[in-house]
Amino acid sequence: MSENYYLILAGGVGAAKLIEGLAKLIDPELLKIVVNTGDDIELFGLKICPDLDIITYTLADLVDKEKGWGFIDDTFNCLKVLKKFYDTGWFNLGDKDLATHIYRTDLFNQGYTKAQITDMICRNLGVKAHLIPMCNEQVETYIKTPTEVMHFEKYFIKYHCDPEVLDVEFRGINEALPIKETLEYIDKAKRIIICPSNPIVSIGTIIQVKNIRESLIKVKNKIYGISPIIEGATVKGPADKLMKCIGLEVSSVGVANYYKDFLGHFIIDNKDCNLKPEIEKLGISTYCYDTLMTNINKKQALAHFLMTLNE
Ligand code: GDP
């Protein structure tokens, strides 16, 4: 029996835009959001979960909307001093943001799991949606470049995704287990939404967690995805380089090929509507819409289109 809630698979910035739109239309208590934790990192002795924090701050209406991450009106005084002590000062850590990482690390040291800590952070910041890390275990994404194998965050922030990508490695993924509610939500959700997120290092990590992919395949017909690629390019971030690296075409067709086992429906941008027949040949119902979410009206319009499709 399907329930009245929605399950959402999310990365960071791209996902947060859609989720902000969805939360305006749907009671946030009905949103169950499984978030990528493959780019989590430990810096300055603190546990940092970039994608969980972006989604949490967005739903708490605390996010810096201009940047898409971090707290609004944050300052970086602590980071200025940290840079004198550490060579990892390239990670942008705001003073308010630091409070979340201190709290998370404190709870972790007391023995709480990532899922329990996420619940406590959400409760304290007034987030009503259920945010679920993809797993409790530590998974870390490493990027192999011609000169160095580095953590994804270093590649992304310090090197601005400039180096050529030779390989992507998800350390710890084979030990990763889903949080117990996740499989139940996959089974019972009214609809499952795959956010316009990085297909390789956001959605790609979630679907590698044990049993998640297999569970999604069983309910393919209620799974709706939004392409993160428009006119053969990413809106932001390195999805293009990572897709190329694993031999995927950088287009909505490439994303569809990567998701084809479990994706029932795919929304691609109006500008890519010529690709619809090719994607439909993969057995995926395809729809065209304006998917570039540059303001709240566009976020809400896309969320509305997504929620009312085939109703
Ligand atoms: P990150 O972990 O913060 O990089 O964020 P995500 O994994 O959630 O999303 C990154 C992906 O979202 C990139 O591939 C972008 O192309 C895509 N993206 C960002 N904004 C938009 C948008 O407004 N529309 C669409 N269709 N894709 C977007």
Side-chain angles (χ1 to χ4, degrees), residues 8-22 33-41 48-59 63-70 91-92 131 133-134 139-141 143 151-153 155-157 160-161 165 168 170 193-207 224-246 248 250-252 254-256 258-259 266-273 275 286-303 305-306:
I8 299 167
L9 304 191
V13 175
K17 291 185 193 172
L18 179 68
I19 289 170
E20 191 188 347
L22 287 168
I33 310 172
V34 175
V35 183
N36 169 49
T37 56
D39 49 12
D40 288 7
I41 188 165
I48 302 175
C49 302
D51 285 354
L52 274 169
D53 290 343
I54 289 168
I55 306 295
T56 305
Y57 300 163
T58 298
L59 286 166
V63 79
D64 182 325
K65 288 199 178 134
E66 197 102 314
K67 295 206 282 275
W69 53 266
F91 193 86
N92 299 304
L131 263 65
M134 67 181 199
V139 176
E140 285 187 305
T141 303
I143 303 292
H151 192 286
F152 176 75
E153 293 298 341
Y155 165 77
F156 189 50
I157 301 171
H160 311 287
C161 309
V165 179
V168 188
F170 303 102
I193 295 155
I194 315 267
C195 288
S197 285
N198 189 311
I200 316 300
V201 297
S202 292
I203 304 301
T205 35
I206 300 175
I207 59 175
Y224 288 73
I226 295 178
S227 179
I229 303 291
I230 302 177
E231 290 187 297
T234 56
V235 178
K236 187 184 157 281
D240 50 354
K241 289 191 173 173
L242 298 170
M243 287 175 75
K244 248 185 241 154
C245 158
I246 65 160
L248 282 179
V250 182
S251 71
S252 290
V255 181
Y258 195 54
Y259 291 170
F266 201 27
I267 301 172
I268 60 173
D269 196 83
N270 283 332
K271 293 188 174 130
D272 289 325
C273 218
L275 304 176
T286 307
Y287 318 82
C288 305
Y289 199 76
D290 177 0
T291 68
L292 189 60
M293 296 173 279
T294 43
N295 58 48
I296 185 61
N297 292 339
K298 293 187 78 178
K299 291 173 190 173
Q300 229 173 296
L302 180 58
F305 179 74
L306 171 70

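In listed order, ligands and their atoms are each counted from 1.
Considering only non-hydrogen protein atoms, atom 20 (N) of ligand 1 sits nearest to Lys17 NZ, 2.8 Å. Protein heavy atom in closest approach to atom 24 (N) of ligand 1: Thr291 O, 2.7 Å. The protein non-hydrogen atom at the shortest distance from atom 28 (C) of ligand 1 is Val235 CG2, 3.5 Å. Of all protein heavy atoms, the one closest to atom 10 (C) of ligand 1 is Asn198 N, 3.6 Å. Atom 4 (O) of ligand 1 has Phe156 CZ, 4.2 Å as its closest protein atom, hydrogens excluded (heavy atom only). With respect to atom 26 (N) of ligand 1, the closest heavy atom belonging to the protein is Ser227 O, 2.9 Å. Residue, atom and distance of the protein heavy atom nearest to atom 15 (C) of ligand 1 are Lys236 O, 3.3 Å. In this structure, the protein non-hydrogen atom closest to atom 1 (P) of ligand 1 is Val13 N, 3.6 Å.
Residue Gly14 has at least one N or O atom closer than 3.5 Å to an N or O atom of ligand 1. Checking only distances, Met293 does come within under 3.5 Å of ligand 1, N or O to N or O. Residue-to-ligand polar distances place Pro228 within reach of ligand 1: an N/O pair is separated by less than 3.5 Å. Ligand 1 has no nitrogen or oxygen under 3.5 angstrom from a nitrogen or oxygen of Thr234. Checking only distances, Pro196 does come within under 3.5 Å of ligand 1, N or O to N or O.
Residues forming a side-chain contact (heavy atoms from CB on, under 4.5 Å) with Val168 (at least two apart in sequence, or on another chain): Thr141, Ile143, Val165, Phe170, Val201, Leu242, Cys245. Under the side-chain contact (heavy atoms from CB on, under 4.5 Å) criterion, Asp64 pairs with Glu66, Lys67, not counting sequence neighbours.
Ile267 approaches Leu306 most closely through the heavy-atom pair CD1-CD1, 3.7 Å. Here the closest non-hydrogen pair linking Pro196 and Leu18 is CD-CD2, 3.9 Å. The shortest non-hydrogen separation linking Ile41 to Glu140 is CA-OE2, 4.0 Å. In terms of heavy-atom proximity, Ile206 sits nearest to Ala10 at CD1-O, 3.6 Å.
Within ligand 1, counting atoms from 1 as listed, the ones closer than 4.0 Å to a heavy atom of Ala239 are 14 (O). Numbered from 1 in the order shown, with element, the atoms of ligand 1 that lie under 4.0 Å from a heavy atom of Ala15 read 8 (O). Atom numbering of ligand 1 starts at 1 in the shown order; those under 4.0 Å from a heavy atom of Asp51 are 2 (O). The ligand atoms of ligand 1 that sit less than 4.0 angstrom from a heavy atom of Ser202 are 2 (O), 7 (O).
Aromatic ring pairs are classed by plane angle as parallel below 30°, tilted from 30° to 60° and perpendicular above 60°; the pair Tyr287 and Phe305 is perpendicular. Classification of the Phe156-Phe152 ring pair by plane angle, with boundaries at 30° and 60°, yields parallel.
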For a side-chain hydrogen bond (donor to acceptor under 3.5 Å, both in side chains) check, start with the C-alpha distance between Ser197 and Ser202, then their side-chain angles and the critical distance, and finish with the verdict. CA-CA 6 Å; Ser197 285; Ser202 292; 5.1 Å; no

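For the pair Asp272/Ser251, no side-chain contact is recorded, criterion being any heavy-atom separation below 4.5 Å from C-beta on.
Atom NZ of Lys298 is surrounded by more than 12 heavy atoms from other residues, nucleotides or ligands within 6.0 Å.
One option in Ser197, Pro238, Ala16 has a heavy atom closer to atom 9 (O) of ligand 1 than any other, and that option is Ser197.
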